[in-house]
Amino acid sequence: MRSEPRTAGTAEPVDLMNPFKDLKDMVVAELEALARDGVLPAGLDTARVAVEPPRDPAHGDVATNAAMVLAKPAGMKPRDLAEALAGRLGAIDRVSEAAVAGPGFINLRLEPGFWHGCLAGMLRAGADYGRSDLGAGRKVNVEYVSTNPTGPLHVGHARGAVVGDVLAALFEKVGYDVVREFYINDAGAQLEALARSVYYRYREALKAEPNPIPEGFYPGEYLIAVGEDLKKTDGAKWLGVEEAPEEDPKSGWREACTNFGREAMMKMIKDDLAALGVHQEVFTSERAIIEAGVIEDALDSLEARGLIYTGTLDPPKGKTPEDWEPRPQTLFRATEFGDDVDRPLRKSDGSWTYFAPDMAYHLDKFRRGANLMIDVWGADHGGYVKRMQAAVEALTEGRGHLEVRICQLVKLLRAGEPVKMSKRAGTFVTLREVIDEVGKDVVRFIMLTRKNDAPLEFDLTKVVEQSRDNPVFYVQYAHARCRSVLRHAAEGFPGIDQDPGALARAPLARLTDSEELGLMRRLALWPRLLEGAAEAYEPHRVAFYLYDLAAAFHSLWTKGKDETQLRFLREDDPDLTAARLALVRAVALVIASGLEVFGVEPVEEMR
RNA sequence: GCGCCCGUAGCUCAACCGGAUAGAGCACCUGCCUUCUAAGCAGGAUGUUGCAGGUUCGAGUCCUGCCGGGCGCGCCA
């Protein structure tokens, strides 16, 4: 891992694809060397050793906590261990200085050539810079948006959609084999309400005798068209027919309206998702899971291990429902897997609870090869997490893992004022309306500017403002500025090949300004940031990283106004210009790469 | 009553597996456009990280107990 001697400005830089991983390997190698020399005991666990940029840049380029973490297992004083390690690290060519500080930190200052090597590496990697094999091709299934197909998506759905979609992209980026999935909740009472609502609109379309507004009626106008369409398809065929005749329930109008409504709603939902740039490849129907008998499979497997029994649950303490009656039910021993109570699988009428098919569905996902499953749910499902995780652990006998990300509410505002929404009053804001107003890229980016489990304010006015206050604009502006420089360079310096691979061969050692080096260090963090964001299931980290990167670039840009020797384009010095274009190109590349993970189109110019 | 999530500057939020003096933006004040887009940049003030303990070289971060807010708690999904 140690590289050949290198002096700034002379040697051809080596490519460094993941600089901080490389630096950690370097530290670990020296620790092993110390162990071979008998200074340290053999076989120390270096998992907790961190090599990262210090918060205060005055401390140097990189810092490691190795001495403090290993002091106790090694039976040494942290400072002594630090001195020994720093002595070795300081002898490495790429390290210009290794100093022990504070309780035992080792601060390293690196030769500028190291950062130039990083820059060359990222340019050669191009769009692949940041990609890694952390996942080693392991399968992960990401399920998101999953909803009843009863109406259009609203803003809340958009958050889950984007978080799920970007988690999937992140996991792909770090080497997982990803399946994006949607679970269609098409088996419950909501679908019956949908069917009755469709039938109502159908009769309306046929000018038939008006029937009373059905229970749970979906009042939205979108069903009027569905009623019309059913009339066009089937004519008056369902008018004199029963809802669900006893001898053959599926011959009635309800079955027809359920299926017709379901298809229409799913088409609408998929169109909305497409408008948001979300494309899941697998859609699994709850109803199909039930009909395929997967629930029985799941239950048999649990039954065989004594995890199913008939029992009576106590009412929740302090909040007994009005109509509470103790009833014996089929229960799953969720408490054996960390849940608070055992969970019912059947309703009193004998039909399945929501939990039963969902359990079966997760078994199905596991059978399709996903040991790691990620579900993105809304805040109102928080209380459901433990039981589903318990079910996955039980059904997969501990081989599967379910990670659930809960998305808090989105508060829709306009110029600081809450947008009043009411389904009944018809002032409900759909996802489609928001996309039409501000654009899908803005929706996607803004949804990632908060941790998923924190509430999010979405101000329709603010998100299209052109100011530093608006992260979408600010990041896009940095990218546009990079592209602008490159456009000007193409005119003024036709001799400079702007292909990233060619720019990687520019005399990068000419980049010596502290802000230029700072920008390179920041770019060098990108691969590590992606891995961290994926491992923590936190796509919002990418948004904050891009914002910081944009700020660093804007700063360097403006610095060139006062100090003309820092301008990117230097008529008097084509070599220096080429080196700076390499840096600008790399900034554009990383921003574009981050936006690609987000599913956001980088802009070439601000308009 | 129980479970989960949250509580950080006046406001909105960061803080990578426990790391060094907790950082940005907004708002407020002061500078910077004959220049690659000033839609920007530089500088100035801001903290008992809800409270009280504990763990340790080190805690916003982990543990315990309180306080405050959100979500949920059999036949909704």
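Letters go in sequence order (proteins before strands), and every chain restarts at 1.
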How close do A:M68 and A:P103 get, heavy atom to heavy atom, and via which atoms? SD-CG, 3.6 Å
Go through B:A15, B:A20, B:G74 for me and flag the one nearest to the A:P316 side chain. B:G74
So, for A:H554 and A:Y474, is the gap between ring centers shorter than 6.0 Å? yes
Could you report the tightest heavy-atom contact between A:V51 and A:K24, atom names first, then the distance? CG2-CA, 3.6 Å
Would one find a side-chain N or O of A:Q190 under 4.0 angstrom from OP1 or OP2 of B:A77? yes
d(A:D186 CG, A:S285 OG) to nearest 0.5 Å is 3.5 Å
With the sugar-phosphate defined as primed atoms, P, OP1 and OP2, and the base as all remaining atoms, what B/S/- string results for nucleotides 25-36 of chain B, 5' to 3', for protein heavy atoms under 4.0 Å? SS-----S--BB
Looking only at B:C57, B:G1, B:A14, the nucleotide nearest the A:P103 side chain is B:C57
When you measure from the side chain of A:D453, which nucleotide among B:G40, B:A77, B:C6 comes out closest? B:C6
Does a nitrogen or oxygen in the side chain of A:K72 sit under 4.0 Å from OP1 or OP2 of B:C57? yes
Watson-Crick and G-U pairing of RNA chain B written in dot-bracket, each distance under 3.5 angstrom, with | for inter-strand partners: (((((((..((((.....[...)))).(((((.......))))).....(((((..]....))))))))))))....
Closest non-hydrogen contact found for A:A66 with A:V49 is CB-CG1, 3.8 Å
Mind checking if A:T353 touches a base, just sugar-phosphate, or nothing, with heavy atoms under 4.0 Å? nothing
In 5'-to-3' order, the base (B), backbone-only (S) or no-contact (-) status of each nucleotide in nucleotides 63-70 of chain B, using a 4.0 angstrom heavy-atom cut-off, is --------
For a 4.5 angstrom cut-off between non-hydrogen side-chain atoms, does A:R521 reach A:D61? yes
B:G7 versus B:A14 - spacing of their P atoms, nearest Å: 8 Å
Taking A:P539 as the fixed residue, which of A:V162, A:L448, A:V597 is the one that meets the side chain to side chain contact (heavy atoms under 4.5 Å, CB included) rule? A:L448
Centre-to-centre under 6.0 Å for A:Y545 and A:F598, is that the case here? no
Output the distance between atom CZ (A:F458) and atom CG (A:L409), rounded to the nearest 0.5 Å. 15.0 Å
Nearest to the side chain of A:P54, heavy atoms from C-beta on, is which of B:G3, B:A20, B:C57? B:A20
Side chain of A:A63 - closest among B:G74, B:C17, B:A20: B:A20
Need one value for A:E563: base, sugar-phosphate or nothing, where a base atom within 4.0 Å counts as base even if backbone is also close, heavy atoms only. nothing
Look at all strands and tell whether A:R541 reaches a base, only sugar-phosphate, or nothing, counting heavy atoms closer than 4.0 Å. sugar-phosphate
Does B:C11 adopt a syn or an anti glycosidic conformation, taking syn as a chi angle within 90° of 0? anti
With respect to the side chain of A:Y384, which nucleotide from B:A77, B:G19, B:C17 is positioned closest? B:A77
Do A:H381 and the base of B:A77 stack face to face, with centres under 5.5 Å apart and an angle between planes under 30°? no
Out of B:G3, B:G40, B:C16, which nucleotide sits closest to the side chain of A:Y477? B:G40
Residue that, paired with A:Y361, satisfies ring-ring contact (aromatic ring centres under 6.0 Å, His included) out of A:Y354, A:Y183, A:F182, A:F283: A:Y183
Taking the P atom of each, how far is B:U8 from B:U55, in whole Å? 27 Å
Once you round it to whole Å, what is the distance between P of B:G40 and OH of A:Y474? 8 Å
From C-beta outward on A:R450, which listed nucleotide comes closest to its side chain: B:G74, B:U12, B:A42? B:U12
B:G69 and B:C33: how far apart are their C1' atoms, nearest whole angstrom? 47 Å
Distance between the P atoms of B:C67 and B:C11, in whole angstroms? 24 Å
Considering only heavy atoms from C-beta outward, does the side chain of A:L583 approach that of A:L523 to under 4.5 Å? yes
Base, sugar-phosphate, or nothing: which does A:E52 touch, judged by heavy atoms less than 4.0 Å apart? base
Just to be sure I understand the rule, does A:G188 reach a base, reach only the sugar-phosphate, or reach nothing, if contact means heavy atoms closer than 4.0 Å? sugar-phosphate
When you measure from the side-chain N and O atoms of A:K451 to the phosphate of B:A14, is any distance below 4.0 Å, counting only OP1 and OP2? yes
Side chain of A:R55 (C-beta onward), nearest among B:C57, B:A15, B:A77: B:A15
Could you give the CD-to-P distance, from A:E403 to B:C4, as a whole number of Å? 16 Å
Could you tell me the separation between the CG atom of A:D339 and the CE atom of A:M388, rounded to the nearest 0.5 Å? 11.0 Å
Can you find a heavy atom in the side chain of A:C482 that is under 4.5 Å from one in the side chain of A:W557? no
Applying a 4.0 Å non-hydrogen cut-off, can you work out what A:A533 is touching in the nucleic acid: base, sugar-phosphate, or nothing? nothing
Look at all strands and tell whether A:D342 reaches a base, only sugar-phosphate, or nothing, counting heavy atoms closer than 4.0 Å. nothing
I'd like to know if A:N107 reaches the base of B:A20 with its side chain, counting only an N/O donor and acceptor under 3.5 Å. yes
Sugar-phosphate, base or nothing in reach of A:E535, heavy atoms under 4.0 Å: nothing
A:M68 has a side chain; which of B:A14, B:A77, B:C57 sits nearest to it? B:C57
Surrounding NZ of A:K559 (heavy atoms of other residues, nucleotides or ligands, distance under 6.0 Å), is the total greater than 12? yes
A:K347 side chain near B:A77 phosphate (N/O to OP1/OP2, under 4.0 Å): yes
